[in-house]
Amino acid sequence: MWQTGDLTTRLHAALLNALPDLPYLPPKMGVAIDAGTGPVLSDTSADFRFERADTGDLILRADGAHKGKRVSEQNAPTALIKLAKWFVASDGVAAGRMSKHLKTRTFPDTWQDTKPSPATGSITPGAVTGGFVYGAPFGSIDARAMTRLIQDSQATALRVTPWRTFLLEDAQPCDTHGFVTSHTDPLLRIHACPGAPACNAATVDTRALAQQLAPHHSGTLHISGCSKGCAHPRPATTTLVGRDGAFDLVENGHPWDAPRQRGLTPNDLLTTAS
């Protein structure tokens, strides 16, 4: 867990200062600063990843590459700018995301000299030392529900995570106000963007269907309002992609992959699931 003044916070400050020197990048591209003893953000969306190697060295890894390049704290911003410029110069803007781009481009060996340290587990809902971790379905938090939870639990501090969970320090048992409290809750395996009408790119309601389908899926389920896959730009066991008011079914793939079936209605999907 990050602490004030550690490498994570120092890198964050340095990279913020370097942002004006980055080339134009597509929307939704991101940088993960994962500089603890072992990567914890491997399953979190990012295109450029600062991680640790087994040796403790800091590396910069392009998402989708198995290895990264050794960097120092001092030259990390410069390395990020260089990698971003390679992405642009090799027509990565057309692909939109680094992992998608690397599937069609030969990635220079100069950016792949060191393996990252093995990934460690993410923080899941439940009691932990110093407080309680709660899950937020689909990563969305209702402000009023959060206010009530903080007040009722008498929490003294709040820490958010990239896994749709948050830690309330010194929290006392209380009504959970709709937040997830168990690591076995099926909603933790479900990804769904806001969908229609919240997003103009979507033509389907995503989250109501996700709530209904969650108990019937043992694998990862992604319900995307369109083929961009904003909520989970990664493969899922089952992906439902909104198109013209209905859903296309992709198995073990990304939202932009070729579907196995097209034009499924919510009723079709619920009937099959039950």
Side-chain angles (χ1 to χ4, degrees), residues 1-19 21-88 92-93 95-103 107 111-124 133 136 139 159-167 188 191 193 220 222 228-236 254:
M1 190 175 293
W2 68 267
Q3 301 293 330
T4 300
D6 65 6
L7 178 59
T8 295
T9 54
R10 297 196 304 271
L11 276 178
H12 178 261
L15 295 177
L16 283 181
N17 289 333
L19 288 181
D21 297 320
L22 286 171
Y24 168 80
L25 296 171
K28 302 186 186 300
M29 292 197 78
V31 179
I33 304 175
D34 200 4
T37 54
V40 297
L41 303 179
S42 301
D43 293 330
T44 301
S45 178
D47 300 273
F48 309 92
R49 300 179 178 276
F50 286 98
E51 299 170 332
R52 293 280 194 179
D54 282 334
T55 57
D57 294 323
L58 183 67
I59 65 172
L60 171 58
R61 182 171 65 88
D63 192 40
H66 296 297
K67 295 181 179 181
K69 178 182 177 64
R70 283 190 183 92
V71 297
S72 67
E73 179 180 349
Q74 290 71 31
N75 70 16
T78 301
L80 175 63
I81 293 168
K82 288 182 178 179
L83 183 54
K85 287 183 176 179
W86 172 86
F87 176 82
V88 173
V93 174
R97 300 303 297 264
M98 180 66 82
S99 61
K100 187 177 181 181
H101 183 50
L102 293 190
K103 290 182 178 180
F107 193 43
W111 287 102
Q112 303 182 87
D113 59 27
T114 307
K115 289 184 178 180
S117 178
T120 59
S122 59
I123 298 175
T124 57
V133 175
R159 288 179 180 247
V160 297
T161 81
W163 306 290
R164 302 185 301 184
T165 59
F166 56 92
L167 166 65
L188 295 177
H191 304 272
C193 66
T220 305
H222 178 195
K228 291 187 294 184
C230 300
H232 186 68
R234 295 180 178 275
H254 301 81

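Just the heavy atoms: all of them, side chains too, but no hydrogens, waters or symmetry mates, feed the values below.
Annotation: side chain of Tyr24 is not in contact with side chain of Val88 (no heavy-atom distance under 4.5 Å). In this structure, the side chains of Leu60 and Leu83 come closer than 4.5 Å at one or more pairs of heavy atoms. A heavy-atom distance below 4.5 Å is not found between the side chains of Val40 and Thr161. Side-chain contact between Phe48 and Met29 is present, with at least one heavy-atom pair separated by less than 4.5 Å. Within the 4.5 Å cutoff, the side chain of Asp47 has no heavy atoms near those of the Phe87 side chain. For the pair Thr114/Asp57, no side-chain contact is recorded, criterion being any heavy-atom separation below 4.5 Å from C-beta on.
For Ser45, the side-chain hydrogen bond (donor to acceptor under 3.5 Å, both in side chains) partners two or more places apart in sequence, or in a different chain, are Arg97. With sequence neighbours excluded, no residue forms a side-chain hydrogen bond (donor to acceptor under 3.5 Å, both in side chains) with Ser42. With sequence neighbours left out, Asp34 forms a side-chain hydrogen bond (donor to acceptor under 3.5 Å, both in side chains) with no residue at all.
Donor-acceptor pairing under 3.5 Å is recorded for the side chains of Ser72 and Asn75. Side chain to side chain, Ser117 and Arg52 fail the donor-acceptor criterion of an N or O pair below 3.5 Å.
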Residues Leu167, Ile123; criterion side-chain contact (heavy atoms from CB on, under 4.5 Å); working and verdict: CA-CA 9 Å; Leu167 166 65; Ile123 298 175; over 6 Å; no
Does the side-chain contact (heavy atoms from CB on, under 4.5 Å) test come out yes or no for Trp163 and Leu41, once each step is laid out? CA-CA 9 Å; Trp163 306 290; Leu41 303 179; 3.9 Å; yes
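A donor-acceptor contact shorter than 3.5 Å links the side chain of His232 to the backbone of Pro235.
Taking all atoms of both residues into account, the shortest heavy-atom contact from Arg164 to Gly139 is CD-N, 3.3 Å. Leu22 and Ala84 make their closest contact through CD2-CB, 3.8 Å (heavy atoms, listed as atom of the first residue, atom of the second, distance). Closest of all the heavy-atom pairs between Gly229 and His222 is CA-CE1, 3.9 Å. For the pair Thr165 and Val133, the tightest heavy-atom approach, listed with the atom from each and the gap, is CB-CG1, 3.7 Å. In terms of heavy-atom proximity, Ala62 sits nearest to Leu102 at CB-CD1, 4.2 Å. Closest of all the heavy-atom pairs between Pro118 and Pro39 is O-CD, 3.5 Å.
A distance of 9.0 Å separates CG in Asp6 from CG in Leu11, rounded to the nearest 0.5 Å. With values rounded to the nearest 0.5 angstrom, Lys228 atom NZ is found 5.5 Å from Lys28 atom NZ. For the atom pair CD (Glu73) and CZ (Phe50), the distance works out to 11.0 Å, reported to the nearest 0.5 Å. Rounding to the nearest 0.5 Å gives a distance of 5.5 Å between OG1 of Thr220 and NE2 of His191. Interatomic distance, His66 NE2 to Phe107 CZ, rounded to the nearest 0.5 Å: 12.0 Å. Going from atom NZ of Lys69 over to atom CD of Gln112 covers 11.0 Å, rounded to the nearest 0.5 Å.
A salt bridge is defined here as a Lys NZ or Arg NE, NH1 or NH2 lying under 4.0 Å from an Asp or Glu carboxylate O, and Asp54 with Lys115 fails to meet this definition.
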